[in-house]
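Start at 1 with the first residue, then count along the sequence.
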Amino acid sequence: MEKKEFKIHKNMKVRELLKLYPQSAKILYEMGFDCLNCKGADEEPLYLAAQMHGWSEDEFIKIIKNKIAKRGSKR
(Lines give C-alpha, C1' and ligand atoms only; values in the text may rest on other atoms or scores of the structure.)
Protein backbone atom coordinates (compact mmCIF):
# COMPACT_ATOMS: atom_id res chain seq x y z
CA MET A 1 0.00 0.00 0.00
CA GLU A 2 1.38 3.38 -1.01
CA LYS A 3 1.88 5.87 1.80
CA LYS A 4 0.15 9.17 1.10
CA GLU A 5 2.26 12.30 1.44
CA PHE A 6 0.49 15.12 3.23
CA LYS A 7 1.29 18.73 2.38
CA ILE A 8 1.95 19.77 5.95
CA HIS A 9 5.03 21.82 6.79
CA LYS A 10 6.32 23.83 9.72
CA ASN A 11 5.62 27.24 8.17
CA MET A 12 1.99 26.41 7.36
CA LYS A 13 -0.46 28.47 9.38
CA VAL A 14 -2.79 26.59 11.73
CA ARG A 15 -5.81 27.86 9.78
CA GLU A 16 -4.30 26.53 6.51
CA LEU A 17 -3.96 23.10 8.10
CA LEU A 18 -7.59 23.21 9.23
CA LYS A 19 -8.81 24.20 5.76
CA LEU A 20 -6.72 21.60 3.93
CA TYR A 21 -7.39 18.79 6.43
CA PRO A 22 -10.59 19.53 8.41
CA GLN A 23 -10.15 16.34 10.43
CA SER A 24 -7.03 17.94 11.94
CA ALA A 25 -9.26 20.06 14.23
CA LYS A 26 -10.12 17.05 16.37
CA ILE A 27 -6.51 15.87 16.31
CA LEU A 28 -5.23 19.27 17.46
CA TYR A 29 -7.88 19.45 20.17
CA GLU A 30 -6.82 16.02 21.44
CA MET A 31 -3.22 17.30 21.55
CA GLY A 32 -4.15 20.22 23.80
CA PHE A 33 -4.98 22.93 21.26
CA ASP A 34 -8.25 24.45 22.40
CA CYS A 35 -7.90 27.81 20.67
CA LEU A 36 -8.49 26.81 17.06
CA ASN A 37 -10.85 29.72 16.45
CA CYS A 38 -8.61 32.42 17.89
CA LYS A 39 -6.71 35.00 15.87
CA GLY A 40 -3.50 33.07 16.47
CA ALA A 41 -4.77 30.25 14.26
CA ASP A 42 -4.85 32.67 11.33
CA GLU A 43 -1.34 34.01 11.93
CA GLU A 44 0.58 31.32 13.80
CA PRO A 45 2.76 28.86 11.87
CA LEU A 46 2.71 25.24 12.99
CA TYR A 47 6.25 25.35 14.36
CA LEU A 48 5.34 28.20 16.71
CA ALA A 49 2.05 26.58 17.72
CA ALA A 50 3.96 23.39 18.52
CA GLN A 51 6.52 25.23 20.64
CA MET A 52 3.85 27.17 22.52
CA HIS A 53 2.10 23.91 23.44
CA GLY A 54 5.23 22.02 24.47
CA TRP A 55 5.85 19.95 21.33
CA SER A 56 8.93 19.80 19.11
CA GLU A 57 7.95 20.91 15.61
CA ASP A 58 9.14 17.69 13.96
CA GLU A 59 7.33 15.44 16.45
CA PHE A 60 4.20 17.60 16.21
CA ILE A 61 4.01 17.46 12.41
CA LYS A 62 4.81 13.74 12.35
CA ILE A 63 1.98 13.02 14.81
CA ILE A 64 -0.51 15.09 12.82
CA LYS A 65 0.42 13.36 9.55
CA ASN A 66 0.18 9.91 11.13
CA LYS A 67 -3.18 10.60 12.76
CA ILE A 68 -4.64 12.06 9.56
CA ALA A 69 -3.43 8.99 7.65
CA LYS A 70 -5.00 6.64 10.21
CA ARG A 71 -8.30 8.51 10.25
CA GLY A 72 -8.43 8.92 6.51
CA SER A 73 -7.51 11.91 4.41
CA LYS A 74 -11.02 12.59 3.11
CA ARG A 75 -12.18 16.15 3.57
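Taking CG from N66 and NZ from K70, the interatomic distance works out to 6.0 Å, rounded to the nearest 0.5 Å. Here the NZ atom belonging to K7 is positioned 12.0 Å from the NZ atom belonging to K65, to the nearest 0.5 angstrom. Atom CD of E16 sits about 8.0 Å away from atom CG of L46, to the nearest 0.5 Å. Here I63 contributes atom CD1 and E30 contributes atom CD; the two are 11.5 Å apart, rounded to the nearest 0.5 Å. Note that CG of L17 and CD of Q23 are 8.5 Å apart. Values are rounded to the nearest 0.5 Å. One finds the CH2 atom of W55 at 12.0 Å from the NZ atom of K62 (value rounded to the nearest 0.5 Å).
The side chain to side chain donor-acceptor pair (under 3.5 Å) search around Q51 returns none, not counting sequence neighbours. The side chain to side chain contact (heavy atoms under 4.5 Å, CB included) search around K10 returns Y47, E57, I61, not counting sequence neighbours. With sequence neighbours excluded, the residues that form a salt bridge (Lys or Arg N to Asp or Glu O under 4.0 Å) with D42 are R15.
Tracing side-chain contacts under 4.5 Å through hydrophobic residues (I, L, V, M, F, W, Y), one never reaches L48 starting from F33; they form parts of separate clusters.
The two atoms that bring P45 and N11 nearest to each other are CB-O, 3.8 Å, heavy atoms only. Across every non-hydrogen atom of I68 and S24, the tightest pair is CD1-CB, 4.2 Å.
H53 has its side chain out of reach of F60: every pair of non-hydrogen atoms, C-beta onward, lies at least 4.5 Å apart.
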Requested in this report: Evaluate the side chain to side chain contact (heavy atoms under 4.5 Å, CB included) criterion for residues I64 and L28: first the C-alpha distance (whole Å), next the side-chain angles of each, then the deciding distance (0.1 Å), finally the verdict.
Outcome: CA-CA 8 Å; I64 291 172; L28 290 173; 3.8 Å; yes

